[in-house]
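Residue numbering restarts at 1 for every chain, and letters A, B, ... go by the order of the sequence lines.
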Amino acid sequence: MQLDALYQDIILDHYKRPHGRGLREPYDAEAHHVNPTCGDEVTLRVRLSSAPDSAEHTITDVSYEGMGCSISQAAASVLYDLLLGKPLTEAMAVHDAFVALMGSRGQLEPDEERLADAVAFAGVSRYPARVKCALLPWMAFKDAAMRAVAAHPTGTKEETDD
Amino acid sequence: MTTTTTSTSGAPHTPGTAPEHADVPRLDVAAIRADFPIFNRTINGHPLIYLDSGNTSQKPRQVLEVMREHYERHNANVARAVHTLGTEATEAYENARAKVASFIGAAGPAEVVFTKNSSEAINLVAYAFSNATALGGDPRFRLGPGDEVVITEMEHHSNIVPWQLLCQRTGATLRWFSITDEGRLDLSQLEELINERTKIVSYVLMSNILGTINPTEAVVKRARQVGALVMLDASQAVPHLPVNVAELGVDFLAFTGHKMCGPTGIGVLWGRQELLEVMPPFLGGGEMIEVVAMEGSTFAPPPHRFEAGTPPIVQAVGLGAAVDYLSGIGMEAIRQHEKEIAAYALPALETVKGLRVIGPRTPVGRGATISFVLDGVHPHDVGQVLDSLGIAVRVGHHCARPTCVRFGVPATTRASFYLYNTIEDVDALIRGLDHVKRLFG
């Protein structure tokens with residue numbers, strides 16, 4: 001197999017110089033995911049905000065820390081770039097597009113507009129043993145985001161909600 | 001076993017030079033490699049360099065042919081058919097048991113129980129404890145609050161989890177030996193850890209992650225003083241070293257066929273006859289019974305008491321062929337060959353900048369299974385790049401997460417060598433690691 005298809009420069013750059021790495025306060029929810037077959041771990045925090053008159057959440061911070069291979073670490077860095085500042089519904093659409101790409105076994109033409117740097121992971125989908133690596137931070141994000149929504153209802157602060 | 005070392009310090013051999021033993025027969029590695037059809041394969045355009053025998057070994061033609069012939073000419077179920085094929089199949093299955101018994105120095109074939117793997121063999125013993133406890137069996141197998149089970153931090157998960165579950169079922173306490181910085185068992189707590197409350201000590205003879213060969217004499221002696229049983233997980237030892245249960249003086253030994261040139265699906269529990277005799281059954285079913293009535297049943301004597309259902313017949317026959325194959329070469333010669341590879345590989349690996357060996361750094365009291373970490377490159381990436389060069393290694397925690405935690409690493413890369421590996425394979429690994437470093441540097 002062509003190693004270059006897996007280890008694209010974009011992936012190696014994110015691995016060597018990760019964006020947004022480190023756990024930050026404040027946050028609404030945190031998720032810790034592990035890959036039991038290899039021992040890789042990621043802890044990921046999500047911070048949401050919402051305008052008083054809006055039913056929409058915005059992701060104001062995604063922070064993370066983890067131990068893992070270049071694919072999992074670069075995936076977290078790319079996730080940070082892609083999702084920070086996005087409305088949550090749009091972020092979830094990006095998440096879904098990334099998950100679909102990873103499940104495609106190289107058969108899907110990635111949506112460059114939506115996935116930006118994450119299109120570099122298209123090659124990973126041809127390595128079944130590595131797909132889990134790329135998905136690790138994205139699964140942790142989904143988990144943390146769901147919990148953050150539960151902890152942080154839209155529209156108002158708790159005292160005026162309900 | 002007289003050949004393991006209890007030394008945790010000192011290096012009688014200079015690393016980098018193979019110990020000299022003129023009386024040890026040499027392996028004809030070229031002839032051995034010709035027995036293994038898989039070495040005709042190329043992987044990603046490169047000749048296969050297989051450094052993952054600790055995971056599973058490759059299979060020689062001699063084993064594959066025996067299994068094929070069994071299916072083509074002798075296939076029938078065992079121990080129940082009166083016809084010719086049934087008799088042949090039963091003989092082949094029981095002959096395999098006799099070969100295994102003789103290979104490990106058992107008192108007789110009845111001490112060899114076929115299981116599907118080492119994990120099942122260990123679980124079989126763990127369940128003998130909880131079943132004897134529930135059914136009021138032999139006092140040596142009865143466990144309760146206040147009793148202790150002793151393992152080590154060096155174990156494969158298969159020699160941790162069955163004992164954790166057993167302790168949960170019975171209220172007994174699980175305790176363990178720790179590991180020294182050099183990757184040896186810390187036996188300084190021997191007297192305290194193995195005490196009057198200890199019912200069984202179960203530990204690994206050769207570590208699947210560190211390569212360490214553990215001492216047995218002191219542990220067995222202490223266990224005998226306090227009346228505890230001793231079980232060895234010999235999954236990584238039986239394929240690589242001469243192992244003789246009588247010399248070891250232990251009570252149980254578990255190993256698996258697929259790591260010793262045999263097929264998957266066949267493992268072995270060796271147990272001392274008088275212990276197997278008093279152990280209650282593990283799994284119930286056909287073949288393990290004496291008389292079955294609706295009101296209750298009585299059970300066959302060992303080993304069949306512990307082999308419920310149709311066993312892995314052709315796999316056992318394949319294991320018998322593997323034992324023949326290894327015996328023909330000689331376990332002492334295999335051990336010596338691997339010692340030479342370890343003596344070459346350990347210092348060679350340490351010439352790679354940023355590489356740290358996890359486990360003993362001298363080729364003494366260790367096998368040719370070598371784990372390492374490389375600064376700034378995750379083992380997954382090491383393994384992936386090596387694979388692109390046709391080199392197969394294992395990466396991850398090797399089902400020994402507590403050992404990784406002990407050494408502060410999430411995972412390692414492991415090169416495990418066997419009788420078909422050469423010094424040139426080590427050189428290819430070193431070149432491959434240079435390639436890894438160029439890509440990730």
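Aromatic pair B:F440/A:Y7: centroids less than 6.0 angstrom apart. Checked against a 6.0 Å centroid threshold, the rings of B:Y420 and B:F39 count as neighbours.
Side chain of A:R45 to main chain of A:D61: no donor-acceptor pair is present (N/O by atom type, distance under 3.5 Å, no hydrogens or angles).
For A:E41, the part sitting under 4.5 Å from any heavy atom of chain B is the side chain, from C-beta outward, and nothing else. Heavy atoms of B:I43 lying under 4.5 Å from chain A are absent altogether.
Here B:H258 pairs with nothing under the ring-ring contact (aromatic ring centres under 6.0 Å, His included) rule; sequence neighbours left out. Considering only residues two or more places apart in sequence or on other chains, B:N40 meets the side chain to side chain donor-acceptor pair (under 3.5 Å) condition with none of them. Qualifying side chain to side chain donor-acceptor pair (under 3.5 Å) partners for B:N208, counting only residues two or more places apart in sequence or in other chains: none.
The only option from A:N35, A:I71, A:V34 that meets the side chain to side chain contact (heavy atoms under 4.5 Å, CB included) definition with A:D40 turns out to be A:N35.
For residues 392-400 of chain B, the interface with chain A (any heavy-atom pair closer than 4.5 Å) comprises B:G396, B:H397, sorted by residue number.
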